[in-house]
Amino acid sequence: MSKKQRGAVSVLVLNGPNLNLLGQREPEIYGTATLADIAVLCAKTAKELGASADFRQSNHEGELIDWIQGAAKKHQAVVINAAGYSHTSIALMDALGSCGLPVIEVHLSNIYRREEFRHSSYISRAARGVICGLGAEGYSLAIRAAVHCLKNGT
Ligand code: DQA
């Protein structure tokens with residue numbers, strides 16, 4: 001662990017478009033947890049690990065990119081569910097690839113069991129690891145994975 005990482009670890013947790021509608025949006029696919037519930041879960045998981053989670057959502061690609069560009073100033077890792085942008089955004093992939101932090105990609109649903117256009121994710125190319133199909137719990141696992149990467153320097 002580097003000097004910078006010896007203090008409390010802060011994980012930036014980013015959520016892309018339409019995830020603000022969780023709870024009411026296709027609950028048979030995405031579950032009944034709201035984004036606020038997931039934020040609480042992330043805070044709890046981070047606290048257990050002696051870390052903190054800065055949880056954000058945006059429907060705007062550029063805003064997500066601005067947050068990623070600024071991430072290294074305050075955070076040590078990024079967890080991201082880029083939602084629909086996962087399958088379309090080279091710009092988000094480029095931002096993540098140059099942010100200098102370990103990135104863990106998360107999806108609530110198992111994108112590989114769904115329509116073919118969801119099988120490919122640009123985000124995966126910039127991610128250290130990917131968790132999908134485990135619902136809200138996937139966020140907790142992603143934070144654990146991010147902290148694990150930092151502790152082990154992997
Ligand atoms: C999602 C999967 C994406 O294909 C979809 O566009 C989403 C949510 C998920 O968490 O399962 O908005 O990222």
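Counting convention: from 1, in listed order, for ligands and their atoms alike.
Put simply, the side chain of Asn15 reaches to within 4.5 Å of the side chain of Tyr139, judged on heavy atoms. Using a 4.5 Å heavy-atom cutoff, the side chains of Val103 and Ile68 are not in contact. A heavy-atom distance below 4.5 Å is found between the side chains of Leu35 and Phe55.
Residue contact check: Arg25 has heavy atoms under 4.0 Å from atoms 7 (C), 12 (O) of ligand 1. The atoms of ligand 1 that sit less than 4.0 Å from any heavy atom of His87 are 3 (C), 4 (O).
For ligand 1, the polar-atom distance check finds no N/O of Ser86 at less than 3.5 Å from any of the ligand's N/O atoms. Taking distance alone, with nitrogen or oxygen atoms compared against 3.5 Å, Leu19 stays at or beyond that limit from ligand 1. Looking at ligand 1, you won't find any N or O of Arg114 less than 3.5 Å from one of its N or O atoms.
Considering only non-hydrogen protein atoms, atom 7 (C) of ligand 1 sits nearest to Tyr30 OH, 3.5 Å. Among protein heavy atoms, atom 5 (C) of ligand 1 sits closest to Arg118 NH1, 3.3 Å. Among all protein heavy atoms, the one lying closest to atom 1 (C) of ligand 1 is His107 ND1, 3.7 Å. The single protein non-hydrogen atom nearest to atom 11 (O) of ligand 1 is Ser109 OG, 2.6 Å, given as residue, atom name and distance.
With values rounded to the nearest 0.5 angstrom, Ile143 atom CD1 is found 15.5 Å from His148 atom NE2.
There is no side-chain donor-acceptor pair under 3.5 Å between Tyr30 and Asn18. Between the side chains of Ser140 and Thr45, at least one donor-acceptor pair of N or O atoms lies under 3.5 Å.
Aromatic ring orientation, His87 versus Phe117: perpendicular (interplanar angle above 60°, classes split at 30° and 60°).
Counting heavy atoms of neighbouring residues, nucleotides and ligands inside a 6.0 Å radius, atom CZ of Arg114 exceeds 12 of them.
The closest approach between a heavy atom of Asn18 and any atom of ligand 1 is not below 4.0 Å.
The backbone and the side chain of Leu108 each have at least one atom closer than 4.0 Å to an atom of ligand 1 (non-hydrogen atoms only).
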